[in-house]
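Below is one structure, written out as C-alpha cells; the observations come after it.
Chain A is the first sequence line, chain B the second, and so forth, proteins listed ahead of strands; every chain is numbered from 1.
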Amino acid sequence: MRIYNTLTRKKEDFVPLSPGYKGYQVRFVKNFTDVDDKIIRRANAEGVPALEVSERYIREFGADMAAIGVRPGDVEPKATEHIPEMVALIERLIARGLAYAVDGDVYFEIRRFPPYGRLSGKNLDELLAGARVEVDERKRDPRDFALWKAAKPGEPAWPSPWGAGRPGWHIECSAMSMRYLGESFDVHGGGEDLVFPHHECEIAQSEGATGAPFARYWIHNGFVNLGAEKMSKSLRNTLTIRDIVRRHDPDALRLWMLGTHYRNPIEWSEERVREAARALGRFTRLFHDAGTSKGGSPAPAAPAGELRVLVERFDAAMDDDFNTPQALGAMFDLSRALYELVDRARAGAGARDALAAGVGALRRLGGALGLFERGPADGGPPPPEIERLVAERGAARTRRDWKRSDELRDEIQRRGWTVEDTPGGPRVTRKGA
RNA sequence: GGCGGCGUAGCCAAGUGGCCAAGGCGGAGGUCUGCAAAACCUCUAUUCAGCGGUUCGAAUCCGCUCGCCGCCUCCA
C-alpha cells in the first residue's frame, strides 16, 4: 500500500511499525480538545461550566457521526482527563532545554528544535517576516508557542508546577497520542489546514521531548467547500449534519464524497448528492434482484476471471493512496457485469453461483468503503398490506386490467413503496431506495 | 510578499511519459416491455486553461501567461 506522506510530499510504501499478520491491525485514536478559548467564551456567554459545553458538543458530534456511519475511535480521550500527562511532557521539554516558563506561562523555544518547519515546508525566517500578530514581549522569540497558559480570572484551571493554568494549543494532542499509541506511531491524520501550525508544533513538542520520531506518516485531507456562497446563518445555508441527513441517504452522502480523492477539495452540492443517490440505486437494485432472481442450474461456468480482475482493480486503486474514485469505477463495472449475470440467471443460463459470489464480493468492497452497512439497502421486505396490493395488482395484470393495475401501483406509491415489473417478477422497494 | 495546490466531455471526477483519456450523472438511439421503471447494447473529449520548450513520443516533465483556492504563530 502506498500513502501520500505530507512529511515527504510524495507517495511512500506504507510499512507499519508492527505489521499485522495479514492486512493491518488498526488502533484508531480520536481525541477531543475539551477546553480552549472558544469553549470558554461560549461557556461564559451561557453562564455554564466550560466542560458542560464541551460535553454537549462531544455528545452531539458522536450522534452526528453515528448518523452518517462514521465509526468512533477505538479510544476517544479528552484533553482535560490527561492534564498530568501534559504537565509531565512539558517538564521533560523544560528539562531538555526546549521550553521555558515565564510568569506562569510555558513556551516552546522554536530555535532549539531545528526541524521546526519541516512538515509545513516553512523556513523560520519567512515565518518571522510573515508575523502579523502582536508580539508578546515575554517570549524569547515571537515564533515560540505556548505549552501552558497561566489561568486568567473566570477560566477553568488545573494545578501545575508553574501555577494554576490550562494546557496550550497543541500539547494535548502530543500527550494523548503518546499515551495511547506510544512515542512513535504510524499514521497521524487531519485536515490540511492543520498542517501549520498545529501539526508542526505537535512534532516539535513530541520529538523534542522524546528524541524519537513522532508520527511516521502524515495524512491530510482537503476541504469540503461551500462554493461561491458563503455559509451564513442569515442566508440560512448553514450546513449541519443533522440537516443533511434529513434530506439525504447517508450512503448517498458517502458515495458523493468518495467520488473525489480525499486530498482534493470537494464542493458541497445538493445536486451532486442527488446524483450520487441515483448512482447508488444501481447497487441497491442489483442486491435486490440478485436476491430474488430465480432459476438457473448449479455449477455454472462462472466468469471468475473477469470478477477477479475487477476486485483486483479495486484493491490496487485503494492501495494507491486510497484512490476511492478509481475504486468506485471498478465497483460500477462490477455491477454491470453482475447485472448481466442476473439476466442470465433468469434465462436459466446457470449463472447463480457466479452471481452470488460476485454480489458477495461487491458487498465486501462496498463495506471497505463503509457502504451497504445499514441493513437492506432496498428497505427490506414490504409489509403484508403492501404484499397484498402487489399480489392484487399482479392478478389485475394477468387479466390485462391495466386501469386497475395502474390504480394499484399508485396506491402502493402513496404508501411509500415502489413497484416495478421486471422479467423476474415485480420488484418492490421502499420509495427512494 | 512567502509556501503549496488546482484548472480534463453539458455537469462531477480519475488518470502524472507510450494500448481506443476510467467511472458516475445528464443526453441521443436501440433491445425488452400493456404503460412506467429498471437492466443491457451503441453513441456523447482527435482532446486535457493558454502559449512556448524538452522528448522518437506529454493531459502527464520544464518555463511563462491567465483564472481559482488553501496556509503563513494563541483557531484547534
Could you tell me whether [X] contacts a base, only the sugar-phosphate backbone, or nothing, with contacts defined as non-hydrogen atoms closer than 4.0 Å?
X	value
Ala146(A)	nothing
Asn264(A)	sugar-phosphate
Arg282(A)	sugar-phosphate
Ile266(A)	nothing

Salt-bridge test for [X] and [Y]: reply yes if a basic N is under 4.0 Å from a carboxylate O, no otherwise.
X	Y	result
Arg404(A)	Glu392(A)	yes
Arg118(A)	Glu207(A)	no
Asp319(A)	Arg2(A)	no

When you compare [N] with [M], how far apart are their [atom1] atoms, in angstrom units rounded to a whole number?
N	M	atom1	value
A49(B)	A59(B)	P	10 Å
C48(B)	G7(B)	P	14 Å
C32(B)	U16(B)	P	42 Å
U44(B)	A22(B)	C1'	16 Å

Taking a pair as Watson-Crick or G-U wobble with both distances under 3.5 Å, which nucleotide is matched to A59(B)? none
Between the base of G34(B) and the ring of Trp402(A) - centre-to-centre under 5.5 Å, planes within under 30° - is that a stack? yes
From the set [options], return the single nucleotide nearest to any side-chain atom of [X].
X	options	result
Arg393(A)	A76(B), G34(B), A39(B)	G34(B)
Ala279(A)	A76(B), G24(B), U73(B)	G24(B)
Trp169(A)	U73(B), A76(B), C35(B)	A76(B)
Lys122(A)	C72(B), A14(B), C74(B)	C72(B)

For His82(A) against Pro77(A), the heavy-atom pair lying closest together: NE2-CB, 3.4 Å
Once you round it to whole Å, what is the distance between [atom2] of [N] and [atom1] of [X]?
X	N	atom1	atom2	answer
Leu258(A)	G24(B)	CG	C1'	13 Å
Arg313(A)	A14(B)	CZ	C1'	11 Å
Arg336(A)	A22(B)	CZ	C1'	11 Å
Asn225(A)	G70(B)	CG	C1'	9 Å

Can you confirm whether or not the ring centre of Trp148(A) sits under 6.0 Å from the ring centre of Trp158(A)? no
Kindly give the atom pairs (protein nitrogen or oxygen, nucleotide nitrogen or oxygen) under 3.5 Å for nucleotides 26-28 of chain B.
{"residue": "G26(B)", "atom": "OP1", "partner": "Arg278(A)", "partner atom": "NE", "Å": "3.2"}

4.5 Å side-chain heavy-atom contact, Asp37(A) and Arg166(A): yes
Is the positively charged end of Arg140(A) above the ring of Tyr100(A), judged by distance under 6.0 angstrom from the centroid and angle within 45° of the axis? yes
